[in-house]
There are 2 protein chains.
Amino acid sequence: MSVHEHSHERDELTRNQGLVLDTLDDAKGPLSAYSILDRLRGEGFRAPLQVYRALDKLMEFGLVHRLESLNAFVACRQDECGAHGTIAFAICEKCGMVAEFTNDEVAHLLEDWARSEKFELAKTTIELRGLCEACTA
Amino acid sequence: MSVHEHSHERDELTRNQGLVLDTLDDAKGPLSAYSILDRLRGEGFRAPLQVYRALDKLMEFGLVHRLESLNAFVACRQDECGAHGTIAFAICEKCGMVAEFTNDEVAHLLEDWARSEKFELAKTTIELRGLCEACTA
DNA sequence: TGCCATACGTTATAGCATAACACAATTGAT
DNA sequence: ATCAATTGTGTTATGCTATAACGTATGGCA
Ligand SMILES: [Zn+2]
Ligand SMILES: [Zn+2]
Ligand SMILES: [Zn+2]
Ligand SMILES: [Zn+2]
């Protein structure tokens with residue numbers, strides 16, 4: 001169990017949601033929906049939809065994030081994640097490590113751009129690809 | 001033909017690359033690889049790889065960008081796109097419009113973060129989802 | 001001419017995501 | 001307690017996205 005000071009506590013989740021979240025919590029890096037499925041076959045999972053439906057809810061609750069550039073998912077590793085509208089990820093292309101961080105200044109600059117263009121901003125995706133410190137050495 | 005003050009001129013491209021770029025230039029919004037394929041069947045395209053290989057080169061030349069959150073591709077609509085390492089996109093979820101823009105301040109803030117974490121940054125993805133001005137009215 | 005690098009064509013396969021239907025469990029009135 | 005509405009579930013089938021692995025063709029250049 002990792003830090004989840006989110007609105008939804010662990011025991012408000014359904015069985016499937018809990019299993020999927022546990023799987024992501026236990027994983028060192030991001031997992032695809034299908035690899036989550038494979039890890040949960042022992043628990044009775046049979047079909048991708050069981051995973052996708054749980055993931056949809058977990059993302060809605062802010063407990064899980066989707067990495068667009070990877071078609072994969074990670075458990076949220078941050079407190080107060082929801083307090084900042086915009087989250088960013090750094091993804092190591094060698095070892096798969098993912099760092100989640102926020103930068104309010106970046107968020108504000110993008111919000112300013114949106115305001116100036118009258119673009120009604122719903123969601124912001126920021127993903128940095130590269131090599132983590134361990135992998136550059 | 002749109003503005004392409006890039007290193008690779010239109011006539012340095014191979015036939016397949018040219019056809020794919022023309023298709024993206026003509027499109028109003030982003031296109032998936034498969035919809036590009038469908039539009040080029042009349043030109044003799046038969047297989048996804050013909051499209052993906054052309055797209056890979058066009059992205060390498062900076063003439064085309066991939067929208068990660070859409071699994072789709074757009075022709076670059078900016079001069080001097082390559083001069084700024086980091087490009088951002090705003091994508092209207094209703095009409096599909098895509099605006100490409102740069103913001104050096106945002107780019108620098110993210111580079112600063114990477115430097116402070118000793119993360120060797122290779123590529124930055126910034127995608128804003130929401131509603132364009134026309135679609136909010 | 002022979003070599004190398006790049007592009008191309010084709011078939012097959014792998015990986016990601018959702019539609020549609022039926023059924024069960026939960027909630028929250030009346 | 002009963003009913004209706006909502007939410008979660010299981011299952012099958014399907015569609016969309018991307019690449020592997022093979023062979024061939026072409027063009028520049030020693
Ligand atoms: Zn988070
Ligand atoms: Zn690494
Ligand atoms: Zn561009
Ligand atoms: Zn719009």
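Every chain is numbered from 1, with letters handed out A, B, ... down the list of sequences.
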Nearest of [options] to any side-chain atom of [X]?
| X | options | value |
| --- | --- | --- |
| T14(A) | dT11(D), dA20(D), dG8(D) | dG8(D) |
| Y52(B) | dG8(D), dT19(D), dT18(C) | dT19(D) |
| N16(B) | dC8(C), dT11(C), dT11(D) | dC8(C) |
| F73(A) | dA18(D), dT9(D), dA17(C) | dA17(C) |

Task: Base of dG8(D) paired with side chain of R15(A) (donor-acceptor, under 3.5 Å) - done: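 Absent.
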Between [X] and [Y], is there a side-chain N and carboxylate O pair less than 4.0 Å apart?
| X | Y | answer |
| --- | --- | --- |
| D56(B) | R66(B) | no |
| R39(A) | D22(A) | no |
| R15(B) | E43(B) | yes |
| E93(B) | R129(B) | yes |

Open item on the list: If only side-chain N and O atoms count, and only distance matters, is there a donor-acceptor pair under 3.5 Å linking E120(A) with T136(B)?
Closed with: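 There is no such pair (donor and acceptor under 3.5 Å, judged by atom type) between the side chains of T136(B) and E120(A).
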Open item on the list: Heavy atoms within less than 4.0 Å of DNA chain D: which residues of residues 31-39 of chain B have one? Give them sorted by number.
Closed with: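 Those residues are S32(B), Y34(B).
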Open item on the list: Looking at dG10(D), I'd like to know if its phosphate oxygens (OP1 or OP2) sit under 4.0 Å from a side-chain N or O belonging to Q50(A).
Closed with: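 The answer is yes; a side-chain N or O of Q50(A) sits under 4.0 Å from OP1 or OP2.
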- [ ] Nearest-nucleotide wise, let me know which of N71(B) and R53(B) is further upstream toward the 5' end of DNA chain D.
- [x] N71(B)
